[in-house]
Amino acid sequence: MPYVSIRVAGTLTRTQKRNIARGVTDVLVRETGKPEDSILIFIDEEQRENIASGGQLLDEPN
């Protein structure tokens, strides 16, 4: 059973999550030949204050 974990900074709308799930599922079905209902996708929304890049928290201004 393939599973995909996607982590994003901030939040997504329900429509965005639906579109991501559909697109990722379509690619995996096409490329792996696995049945659609065997693919699990986890979308984690992380608060920008909990993520840093280049030594700076994402929620802090440059």
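Computed from a prediction, not measured in an experiment: that's the story for all the values here. Index from 1, following the sequence.
- Partners of Gln56 according to the side chain to side chain donor-acceptor pair (under 3.5 Å) rule, which considers only residues two or more places apart in sequence or in another chain, do not exist here.
- For residues 1-12, every residue pair satisfying the salt bridge (charged side-chain N to carboxylate O under 4.0 Å, His left out) rule, not counting sequence neighbours, is listed here: Arg7-Glu46.
- In this structure Ile20 satisfies the side-chain contact (heavy atoms from CB on, under 4.5 Å) test together with Ile6, Leu12, Val24, Ile43, sequence neighbours excluded.
- The side-chain hydrogen bond (donor to acceptor under 3.5 Å, both in side chains) contacts involving residues 21-30 comprise Arg22-Asp26, Arg22-Glu36, where partners must be two or more places apart or lie in separate chains.
- The other members of the hydrophobic cluster of Ile51, by chain and number, are Leu58 (side-chain heavy atoms under 4.5 Å, ILVMFWY only).
- Nearest heavy atoms, Ser38 versus Met1: O-CG, 2.7 Å.
- Between Ser5 and Asp44, the closest side-chain pair of non-hydrogen atoms falls below 4.5 Å.
- In this view, Thr11 and Glu45 satisfy the side-chain contact (heavy atoms from CB on, under 4.5 Å) rule, not counting sequence neighbours.
- Residue Leu57 is found outside any hydrophobic cluster, as its side-chain heavy atoms come under 4.5 Å of no other Ile, Leu, Val, Met, Phe, Trp or Tyr.
- Checking each of Ile41, Ile39, Leu40 against Tyr3 for a side chain to side chain contact (heavy atoms under 4.5 Å, CB included) leaves exactly one that passes, namely Leu40.
- When all heavy atoms of Gly10 and Arg48 are compared, the pair lying nearest together is N-CG, 3.9 Å.
- One N or O on the side chain of Thr32 and one on the backbone of Leu28 form a donor-acceptor pair closer than 3.5 Å.
- Residues passing the side chain to side chain donor-acceptor pair (under 3.5 Å) test with Gln47, sequence neighbours excluded: none.
- Applying the side-chain contact (heavy atoms from CB on, under 4.5 Å) criterion to Glu31, with sequence neighbours excluded, gives Val27.
- Shown here are the side chain to side chain donor-acceptor pair (under 3.5 Å) partners of Thr15, two or more places apart in sequence or in another chain: there are none.
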